[in-house]
S.K.: 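Let me give you the structure first, and then I'll get to my questions.
Throughout, a chain's letter reflects where its sequence line sits, starting with A, and its residues are numbered from 1. Remember, it's a predicted structure, so these values are computed and weren't measured experimentally.
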Amino acid sequence: MLDIQIIRENPERVKEAIVHKNAGTTEVVDKLLVLDLEWRETLTKLQEVQATLNMRSKSIGDLMRSGKKEAAEAARQETTTLKAHIKEIEDWARSMEVERHQLLLEIPNIPHPDVPIGRDESGNQVVFEWGEKPTFDFPALPHWELAAKHNLIDFERGSKVTGAGFPFYIGKGARLQRALINFFLDLAVDEGGYTEIQPPLMINEASGIGTGQLPDKEGQMYEATLDRFFMVPTAEVPVTNFLRDEILDESQLPLLYCAYTPCFRREAGSYGKDVRGLNRLHQFDKVELVRFVHPETSYEHLESIRANAENALQKLRLPYHRLLMCTGDLGFTQTKKYDLEVWSGAQARWLEVSSVSNFETFQARRANIRFRASGNKKPQFVHTLNGSGLALPRIVAALLENGQQANGSIHLPEALIPYAGFDTIG
RNA sequence: GGAGAGGUGCUGGAGUGGUUGAACAGGUCGGUCUCGAAAACCGAUGUACUCGUAAGGGUACCGGGGGUUCGAAUCCCUCCCUCUCCGCCA
């Protein structure tokens with residue numbers, strides 16, 4: 001949610017953001033401004049009438065206390081029409097406010113000036129590349145064949161027990177998952193300075209609204225309808241909402257949290273391409289990095305989270321590149337975003353394994369997370385940021401594919417061996 | 001799941017229909033005193049929205065929502081949460 005003040009003062013900038021983000025028509029802005037004005041006028045009127053009623057009530061009280069019963073009774077009669085009038089204006093104001101809020105929720109965040117303007121993913125810029133793509137002097141197998149060959153992952157039984165996209169990890173496959181989770185968490189805690197959190201795996205409606213999954217992306221989450229809880233699509237949701245409706249002290253900032261959770265995504269509408277093997281799952285593991293920071297420092301923190309994620313990739317010796325996402329490929333809530341993609345040797349393509357974003361006050365405003373600067377100043381909204389550090393399945397895909405040898409075995413990178421307890425699969 | 005108790009400001013804790021946005025205490029901030037500090041004393045100290053160039057007004061908020069009333073933190077309904085006991089259970 002944007003600050004209404006920005007929209008009032010700078011509607012053209014907001015419209016430009018909508019156009020650059022491909023986020024619908026700019027009409028919402030004009031509609032909102034008209035409604036906002038109307039709402040404020042109505043509100044002023046309402047408050048005036050309420051003030052008169054309050055005054056009358058007070059004088060009735062005075063009359064009663066001084067024993068002037070008839071006068072009090074007469075005054076009481078007079079308030080009935082006033083009350084009806086209040087109710088009328090109140091209903092009107094409320095319905096306007098609801099609509100105003102609705103429109104406000106439809107307006108996307110404004111991209112940072114550094115962000116290249118572009119319609120879609122073709123406008124994204126590769127700004128950094130690291131590592132060397134592996135070459136094979138034998139027919140390299142895609143990870144799903146390697147996983148089957150070494151009995152690491154069982155997709156079929158996953159389909160039987162739950163459905164497509166819910167695999168079983170077996171033996172060294174399961175151990176590899178556990179190793180990666182611990183490796184990423186240790187990295188975040190020991191080198192990144194994050195505090196580890198184990199959040200609930202289900203969230204309520206208010207939390208979904210706080211981080212922006214609700215109301216529009218409701219269909220992307222699994223819902224426990226009896227309780228109206230949602231399975232977490234990412235740890236970002238519970239971890240960001242950890243501080244919802246709180247006022248922090250400036251000295252507490254920045255706050256850095258990391259969390260491992262499974263992530264549940266319905267991925268409605270994305271069937272067809274790229275769903276082979278581990279490329280797209282309904283349940284997958286991820287370590288998420290979340291920061292709550294002072295507004296003045298948030299872009300430094302963006303680079304810092306990005307560096308945390310890249311550090312993990314480099315330690316795993318996975319070739320990757322960094323994309324600066326263009327306006328058209330930015331999410332609704334983001335001002336600036338980097339995607340990190342690893343090279344998957346056998347599929348010969350880049351796979352997204354991390355997305356690092358700044359939301360400035362967009363989430364903080366929705367989730368009502370503020371801080372108070374020293375000296376009794378007014379509370380202001382923090383900036384929130386997050387990034388994957390990292391998402392497991394595509395890392396596993398790349399590790400298997402890039403690490404495969406002519407004899408069919410798979411070598412693990414040095415950094416992972418203490419965690420896995422083995423250096424070779426097969 | 002059953003029975004009961006309770007949810008008030010940064011904190012503790014009053015308040016059961018009429019100057020209560022909320023006593024009192026603590027905390028925090030500012031000041032006086034002091035070489036400095038402590039103590040003591042004085043003062044300030046919620047949030048959101050809105051009107052206003054400003055000074056300064058106004059409205060709403062005592063877990064959430066709704067209702068009764070001229071008037072509600074106080075009465076009623078409902079939901080959520082916490083605690084105690086019982087049951088069930090990893």
S.K.: Give A:L53 one of three labels, base, sugar-phosphate or nothing, depending on what nucleic acid heavy atoms sit under 4.0 Å from its own.
M.R.: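 Touches sugar-phosphate only.
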S.K.: Measure the spacing between CZ of A:F362 and CD1 of A:I110 and express it to the nearest 0.5 Å.
M.R.: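 If I round to the nearest 0.5 Å, the distance is 9.5 Å.
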S.K.: Among residues two or more places apart or on two chains, list those pairs meeting salt bridge (Lys or Arg N to Asp or Glu O under 4.0 Å) that have a residue in residues 413-426 of chain A.
M.R.: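 For residues 413-426 of chain A, and leaving out neighbouring residues, there are no salt bridge (Lys or Arg N to Asp or Glu O under 4.0 Å) pairs at all.
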S.K.: So, OP1 or OP2 of B:rU59: does either fall under 4.0 Å of a side-chain N or O from A:N54?
M.R.: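 Yes, A:N54 has a side-chain N/O under 4.0 Å of OP1/OP2 on B:rU59.
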S.K.: Taking B:rA23 as the reference, what is the distance to B:rA73 when you measure between their C1' atoms (whole Å, please)?
M.R.: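 Between the two C1' atoms, the distance is 14 Å.
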S.K.: Is A:R8 touching bases, backbone alone, or none of the nucleic acid, heavy atoms closer than 4.0 Å?
M.R.: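 Counting heavy atoms under 4.0 Å across all strands, the contact made by A:R8 is with sugar-phosphate only.
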S.K.: B:rU47, OP1 or OP2 - any side-chain N/O from A:R372 closer than 4.0 Å?
M.R.: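 Looking at the OP1 and OP2 atoms of B:rU47, one of them is under 4.0 Å from a side-chain N or O of A:R372.
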S.K.: What is the pairing partner of B:rA3, taking Watson-Crick or G-U wobble pairs with both distances under 3.5 Å in any strand?
M.R.: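 B:rA3 is paired, partner B:rU84.
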S.K.: Expressed as a whole number of Å, how far does the P atom of B:rG64 sit from that of B:rA44?
M.R.: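 Those two atoms are separated by 29 Å.
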S.K.: So if I take residues 30-40 of chain A and measure heavy-atom distances to RNA chain B, which residues fall below 4.0 Å?
M.R.: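 The answer is A:W39, A:R40.
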S.K.: Using atom types as modelled and distance alone, determine if a side-chain donor or acceptor of A:Q220 lies under 3.5 Å from a backbone N or O of A:E267.
M.R.: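 Checking the backbone N and O of A:E267 against the side chain of A:Q220, a donor-acceptor pair under 3.5 Å is found.
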S.K.: Using the C1' atoms only, state how far B:rC33 lies from B:rA40, rounded to an integer number of Å.
M.R.: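 The same atom, C1', in both gives a distance of 9 Å.
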S.K.: Tell me which nucleotide, if any, is Watson-Crick or G-U wobble paired with B:rC49 when both distances must be under 3.5 Å.
M.R.: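 Looking at the geometry, B:rC49 pairs with B:rG58.
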S.K.: Give a yes/no on whether any side-chain N or O of A:K83 is located under 4.0 angstrom from OP1 or OP2 of B:rG71.
M.R.: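 For B:rG71, OP1 or OP2 has a side-chain N or O of A:K83 closer than 4.0 Å.
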S.K.: With both distances under 3.5 angstrom, what nucleotide forms a Watson-Crick or G-U wobble pair with B:rU74?
M.R.: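 None - no nucleotide pairs with B:rU74, as no candidate has both distances under 3.5 Å.
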S.K.: What's the separation between atom CG in A:L255 and atom OG1 in A:T384, rounded to the nearest 0.5 Å?
M.R.: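 Output value for this atom pair is 12.0 Å.
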S.K.: How would nucleotides 73-82 of chain B be written as a contact map, 5' to 3', with B for base contact, S for sugar-phosphate-only contact and - for no contact, using protein heavy atoms under 4.0 Å?
M.R.: ----------
S.K.: Could you check which of B:rU50, B:rG58, B:rC70 has an atom nearest any side-chain atom of A:L43?
M.R.: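 Selected nucleotide: B:rU50.
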S.K.: When you compare B:rA14 with B:rU8, how far apart are their P atoms, in angstrom units rounded to a whole number?
M.R.: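 So the two P atoms sit 11 Å from each other.
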S.K.: For nucleotides B:rU74 and B:rU69, find the distance between their P atoms and express it as a whole number of Å.
M.R.: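 It comes out at 16 Å once rounded to the nearest Å.
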S.K.: In the structure shown, which nucleotide is the Watson-Crick or G-U wobble counterpart of B:rG26, with both distances under 3.5 Å?
M.R.: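 Partner of B:rG26: B:rC10.
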S.K.: Under 4.0 angstrom, heavy atoms only, what part of the nucleic acid is A:R228 near: base, sugar-phosphate, or nothing?
M.R.: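 Nothing: the residue A:R228, judged by heavy atoms under 4.0 Å, touches no strand.
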S.K.: Considering only atom C1', compute the distance from B:rA5 to B:rG9 and round it to an integer number of Å.
M.R.: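 One C1' to the other, the span is 23 Å.
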S.K.: Return the pairing partner of B:rU69 with a 3.5 Å limit on both distances, Watson-Crick or G-U wobble; otherwise return none.
M.R.: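 By the stated definition (distances under 3.5 Å), nothing pairs with B:rU69.
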S.K.: Can you tell me if A:T195 uses its side chain to pair, donor with acceptor, with the backbone of A:Y257 under 3.5 Å?
M.R.: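 No, the answer is negative, given that no donor and acceptor are paired below the 3.5 Å cut-off.
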S.K.: Provide the Watson-Crick or G-U wobble partner of B:rU19, both distances under 3.5 Å; none if there is no partner.
M.R.: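 B:rU19 is paired with nothing.
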S.K.: Over 60° means perpendicular and under 30° means parallel, so tell me whether A:F371 and A:H294 are parallel, tilted or perpendicular.
M.R.: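 Rings of A:F371 and A:H294: tilted, as their planes differ by 30° to 60°.
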S.K.: Check this for me, if you would: do A:R306 and A:E310 make a salt bridge, where the nitrogen-to-carboxylate-oxygen distance has to be below 4.0 angstrom?
M.R.: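 Result for this pair is yes, salt bridge flagged.
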S.K.: Among B:rC70, B:rU47, B:rU59, which nucleotide has an atom closest to any side-chain atom of A:S57?
M.R.: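 Comparing B:rC70, B:rU47, B:rU59 against the side chain of A:S57, the answer is B:rC70.
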S.K.: Determine the interatomic distance between C1' on B:rA48 and the same-named atom on B:rC62; round to the nearest Å.
M.R.: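 My reading of the C1' atoms in B:rA48 and B:rC62 gives 15 Å.
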S.K.: Is it the case that A:T327 and A:H20 place a side-chain donor and acceptor less than 3.5 Å from each other?
M.R.: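 There is no such pair (donor and acceptor under 3.5 Å, judged by atom type) between the side chains of A:T327 and A:H20.
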S.K.: Which residue pairs satisfy the salt bridge (Lys or Arg N to Asp or Glu O under 4.0 Å) criterion with at least one member in residues 161-184 of chain A, sequence neighbours excluded?
M.R.: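 Sorted pair list comes back empty.
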S.K.: Could you tell me if A:Q314 and A:Y320 have a donor-acceptor pair between their side chains, going purely by distance under 3.5 Å?
M.R.: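 A pair is found: one side chain offers a donor N or O, the other an acceptor, under 3.5 Å apart.
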S.K.: Quick test of your reading: applying salt bridge (Lys or Arg N to Asp or Glu O under 4.0 Å), list the pairs with at least one residue in residues 17-38 of chain A, sequence neighbours left out, ordered by first then second residue.
M.R.: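 Every pair satisfying salt bridge (Lys or Arg N to Asp or Glu O under 4.0 Å) with a residue in residues 17-38 of chain A: A:R8-A:D36, A:K15-A:D30, A:D36-A:R40, A:D36-A:R100.
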S.K.: In whole Å, what separates the C1' atom of B:rG12 from that of B:rG17?
M.R.: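 Each nucleotide's C1' atom is 27 Å from the other's.
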S.K.: Taking everything shown except A:R317 itself, do over 12 heavy atoms lie less than 6.0 Å from its CZ?
M.R.: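 Atom CZ in A:R317 is not packed in, count stays at 12 or less.
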S.K.: Between A:T44 and A:I247, who's closer to the 5' end of RNA chain B by nearest nucleotide?
M.R.: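 Here A:I247 is the residue nearer the 5' end.
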S.K.: Among B:rG58, B:rC70, B:rA48, find the nucleotide with the atom closest to the side chain of A:K378.
M.R.: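 Nearest to the side-chain atoms of A:K378, counting from C-beta on, is B:rA48.
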S.K.: Closest-nucleotide mapping onto RNA chain B: is A:R370 or A:Q50 further toward the 5' terminus? I mean the 5' end.
M.R.: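 Between the two, 5'-proximity favours A:R370.
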S.K.: Strictly by Watson-Crick or wobble contacts shorter than 3.5 Å, is anything paired with B:rA90, and which nucleotide is it?
M.R.: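 Across all strands, not a single nucleotide pairs with B:rA90.
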S.K.: Measuring from A:D339:CG to A:E352:CD, what's the distance to the nearest 0.5 Å?
M.R.: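 If I round to the nearest 0.5 Å, the distance is 4.0 Å.
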S.K.: Should the pair A:Y299 and A:H112 be assigned to parallel (<30°), tilted (30 to 60°) or perpendicular (>60°) ring geometry?
M.R.: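 Answer is tilted, since the angle falls between 30° and 60°.
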S.K.: Would you tabulate the pairs of protein nitrogen or oxygen atoms and nucleotide nitrogen or oxygen atoms of nucleotides 62-68 of chain B closer than 3.5 angstrom?
M.R.:
unit_1: B:rG66; atom_1: OP1; unit_2: A:R94; atom_2: NH1; d: 3.2

